[in-house]
Amino acid sequence: MGKPLHEINRYDDAAFPVGMYIVTKNKIVPEGRGHMDLHWHEELQFTLVTNGSVSMQVDGKMYTLEEGQAIFINRNLLHITSKLPEDGRYISINFPDKLLGFFVGSRMERDYVMPYTNNYCFPAIVFKEEVLWQKKILDELWKLEDILLEREAAYEYKVSQKLVTIWLQLITNAGDQLKNPSRGYIRKQERMQKMLSFIHGNYMNNILLRDIAAEANVSEGECCRCFKELIRESPNQYLLGYRISRAMEMLSRTELSVTEIALQCGFNDTSHFIQYFKKKVNKTPNEFRSEKC
């Protein structure tokens, strides 16, 4: 079966659920999701580009981040890193919004957290050094990386302090971007998640556009419009791309032949698989595998 869209973060310490993922083109430490892997999670996320540039798609919008820039991604938003150069590197810090409210039912949670994290109402925001308040957030994110890497005594307090400081800067300066999503927007998000989950669970089979549309009980035309608006690809383009991402994982982790992987990923023609793989990855499957060894 394919991966579900919903990523459940596995924290080293359940009593302090803050995770930092270090991402390069070929590796994520600790193991996680992101590069060429569309997903969503219930945690908030700050991503800081530490080397090279990164292209990320969040809620159907494309963002290009240069070295030293960062982005905030709200909870429950579909996102994917679509482009990362060979020397690219970024860190993603994920944590639940409850960490910002101090305790359940607090005034801080009620007035300064939940209004910004519920119901798709606060968009992704990019931070650049040219803007003073954004530079302050970037400075704190760089410090956070050091704290999470070093993990000295009482680092949990230091991390919590930094996250609350960043959050206060964010809502103080960008709080006016709060919006009330329409029912139509929320319904479209729900339909999209159903159709994507169907692809993830059935990519190895011969599935057609009508099958994807039927999963969300929409017409084929509405299915295509949803994909173009929220994924920026057609359903068929997304399906092919997802099959290739699964093939990349199998090439890295199994000893299956290229033909066996092609078949297991929904390609009936091995030559077509190789051709599309090279177009997508700029390497043949065998070249990709040899670099991973």
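Side chains are part of it too, since the values below use all heavy atoms of this structure and drop only hydrogens, waters and symmetry mates. Index from 1, following the sequence.
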**OP:** Check the pair Thr254, Ile261 against side-chain contact (heavy atoms from CB on, under 4.5 Å), reporting the backbone distance first and the verdict last.
**Re:** CA-CA 9 Å; Thr254 75; Ile261 290 174; 4.2 Å; yes
Subject >> Linked, directly or transitively: Val18 and Trp142 (ILVMFWY side chains, under 4.5 Å) >> reply: yes
Original post:
Under the side-chain hydrogen bond (donor to acceptor under 3.5 Å, both in side chains) test, which residues partner Ser92, sequence neighbours left out?
Top reply: Gln45, Thr47
**OP:** Sequence neighbours left out, what passes side-chain hydrogen bond (donor to acceptor under 3.5 Å, both in side chains) with Ser257? Give chain and number order.
**Re:** Glu260
Subject >> Sequence-distant partners of Asp111, side-chain hydrogen bond (donor to acceptor under 3.5 Å, both in side chains), two or more places apart >> reply: none
Original post:
Does anything in residues 243-267 pair up under ring-ring contact (aromatic ring centres under 6.0 Å, His included), and if so which pairs, sequence neighbours excluded?
Top reply: Phe267-His272, Phe267-Phe273
**OP:** With sequence neighbours excluded, tell me which residues meet salt bridge (charged side-chain N to carboxylate O under 4.0 Å, His left out) with Glu140.
**Re:** Lys162
Original post:
So, Glu287 side chain and Thr284 main chain: donor-acceptor pair closer than 3.5 Å or not?
Top reply: yes
Original post:
Below 4.5 Å, heavy atoms only, C-beta onward: do Leu44 and Leu100 meet side chain to side chain?
Top reply: yes
Original post:
Which is it for Glu249 and Arg246 under the salt bridge (charged side-chain N to carboxylate O under 4.0 Å, His left out) test, yes or no, and what are the steps along the way?
Top reply: CA-CA 5 Å; Glu249 186 172 336; Arg246 297 295 291 160; 3.2 Å; yes
Original post:
Under the 3.5 angstrom rule, does the side chain of Ser245 hit a backbone N or O of Tyr242 as a donor-acceptor pair?
Top reply: yes
Original post:
What residues, two or more places apart in sequence or in another chain, satisfy ring pair (Phe, Tyr, Trp, His ring centres under 6.0 Å) together with Tyr155?
Top reply: Phe16
Subject >> Close side-chain approach of Asn236 and Leu209, heavy atoms under 4.5 Å >> reply: no
Original post:
Do His79 and His41 have their ring centres less than 6.0 Å from each other?
Top reply: yes
**OP:** Inspect the surroundings of CD in Gln275 and state if more than 12 heavy atoms from other residues, nucleotides or ligands are less than 6.0 Å away.
**Re:** no
**OP:** With the side chain counted from C-beta on, respond yes when Asn205 and Asp211 share a heavy-atom pair under 4.5 Å apart, and no when they do not.
**Re:** no
**OP:** Taking atom NZ of Lys158 as the centre, report whether more than 12 heavy atoms of other residues, nucleotides or ligands fall under 6.0 Å from it.
**Re:** yes
Subject >> Spacing of CG belonging to Asn94 relative to CD belonging to Glu42, to within rounding of 0.5 Å >> reply: 12.0 Å
Original post:
Between Arg243 and Tyr203, is there a donor-acceptor pair closer than 3.5 Å when you use the side chain of the first and the backbone of the second?
Top reply: yes
Original post:
In terms of hydrophobic clustering (I, L, V, M, F, W, Y; side-chain heavy atoms under 4.5 Å; direct or indirect links), are Trp40 and Met62 co-clustered?
Top reply: no
Original post:
side chain to side chain contact (heavy atoms under 4.5 Å, CB included) with Leu230: which residues, sequence neighbours excluded?
Top reply: Asp59, Lys188, Gln189, Met192
**OP:** Evaluate whether atom CG of Asp13 has more than 12 neighbouring non-hydrogen atoms of other residues, nucleotides or ligands under 6.0 angstrom away.
**Re:** yes
Subject >> Expected output: side-chain Ser106 to main-chain Gly101 donor-acceptor under 3.5 Å >> reply: yes
Original post:
Is there a side-chain contact between Leu138 and Leu48 (heavy atoms, below 4.5 Å)?
Top reply: yes
**OP:** Report the C-alpha separation of Met56 and Ile73 in whole Å, then their side-chain angles, then the decisive distance to 0.1 Å, and conclude whether the side-chain contact (heavy atoms from CB on, under 4.5 Å) test is met.
**Re:** CA-CA 10 Å; Met56 300 184 74; Ile73 301 175; 3.7 Å; yes
Subject >> Inter-residue atom distance Thr117.OG1 - Ile171.CD1, 0.5 Å rounding >> reply: 10.5 Å
Subject >> CD/Glu150: more than 12 non-hydrogen atoms of other groups inside 6.0 Å >> reply: yes
Subject >> Neighbour count above 12 (heavy atom, 6.0 Å) for Arg110 CZ >> reply: yes
**OP:** Measure from the side-chain N and O atoms of Asn74 to the backbone N and O of Tyr116, and report whether any donor-acceptor pair falls under 3.5 Å.
**Re:** yes
**OP:** With sequence neighbours excluded, tell me which residues meet ring pair (Phe, Tyr, Trp, His ring centres under 6.0 Å) with Phe72.
**Re:** Phe46, Trp167
**OP:** Find out if a path of hydrophobic residues (ILVMFWY) with successive side-chain heavy-atom gaps under 4.5 Å connects Met108 to Leu168.
**Re:** no
Original post:
So which pairs with a foot in residues 271-286 pass salt bridge (charged side-chain N to carboxylate O under 4.0 Å, His left out), sequence neighbours left out?
Top reply: Glu86-Lys283, Lys283-Glu291
Subject >> Carboxylate-amine/guanidinium contact Arg191 Glu229, below 4.0 Å >> reply: no
Original post:
Would you find a donor on one side and an acceptor on the other, under 3.5 Å apart, between the side chain of Arg289 and the backbone of Leu251?
Top reply: yes
Original post:
Shared ILVMFWY cluster between Leu263 and Met204, side chains joined below 4.5 angstrom?
Top reply: no
**OP:** Please round to the nearest 0.5 Å and tell me the distance separating atom CG of Leu148 and atom CD1 of Ile22.
**Re:** 9.5 Å
Sequence neighbours excluded and cut-off under 3.5 Å, please list the side-chain donor-acceptor pairs for residues 221-228, or say none.
| unit_1 | atom_1 | unit_2 | atom_2 | d |
| --- | --- | --- | --- | --- |
| Glu222 | OE1 | Arg225 | NE | 3.2 |
| Glu222 | OE1 | Arg225 | NH2 | 3.3 |

Subject >> Verdict with reasoning, Met195 to Val218, per side-chain contact (heavy atoms from CB on, under 4.5 Å) >> reply: CA-CA 10 Å; Met195 291 187 287; Val218 297; 4.3 Å; yes
Original post:
Rounded to the nearest 0.5 Å, how far does CD1 of Ile71 lie from CG of Leu65?
Top reply: 5.5 Å
Subject >> More than 12 heavy atoms of other groups within 6.0 Å of Met114 CE >> reply: no
**OP:** Applying side chain to side chain contact (heavy atoms under 4.5 Å, CB included), name anything that partners Lys61, two or more places apart in sequence or on another chain.
**Re:** Tyr63
Original post:
Which one of Lys135, Lys136, Lys143 satisfies the salt bridge (charged side-chain N to carboxylate O under 4.0 Å, His left out) criterion with Asp139?
Top reply: Lys135
Subject >> Minimal non-hydrogen separation, Ala70 against Leu141, with atom names >> reply: CB-CD1, 3.7 Å
**OP:** Sequence neighbours left out, what pairs pass salt bridge (charged side-chain N to carboxylate O under 4.0 Å, His left out) with at least one residue falling in residues 124-133?
**Re:** none
Original post:
To the nearest 0.5 Å, how far apart are OG1 in Thr81 and NZ in Lys25?
Top reply: 12.5 Å
**OP:** Start with the C-alpha gap between Trp133 and Thr172, add the side-chain angles, then the distance that decides, and say whether side-chain contact (heavy atoms from CB on, under 4.5 Å) holds.
**Re:** CA-CA 9 Å; Trp133 70 268; Thr172 300; over 6 Å; no
Original post:
Given side chains that start at C-beta, do those of Leu256 and Met250 come closer than 4.5 Å, heavy atoms only?
Top reply: yes
Original post:
Could you state the interatomic distance from CD1 (Ile231) to CG (Leu38), rounded to the nearest 0.5 Å?
Top reply: 5.0 Å
**OP:** Using modelled atom types only, decide if a donor and an acceptor are shared between the side chain of Asn202 and the backbone of Phe198 within a distance under 3.5 Å.
**Re:** yes
**OP:** Give the cluster check for Phe102 versus Leu99: same hydrophobic cluster or not, with ILVMFWY residues linked at side-chain heavy-atom distances below 4.5 Å.
**Re:** yes
Original post:
For the residue pair Tyr21 and Tyr90, is the inter-centroid distance of their aromatic rings smaller than 6.0 Å?
Top reply: no
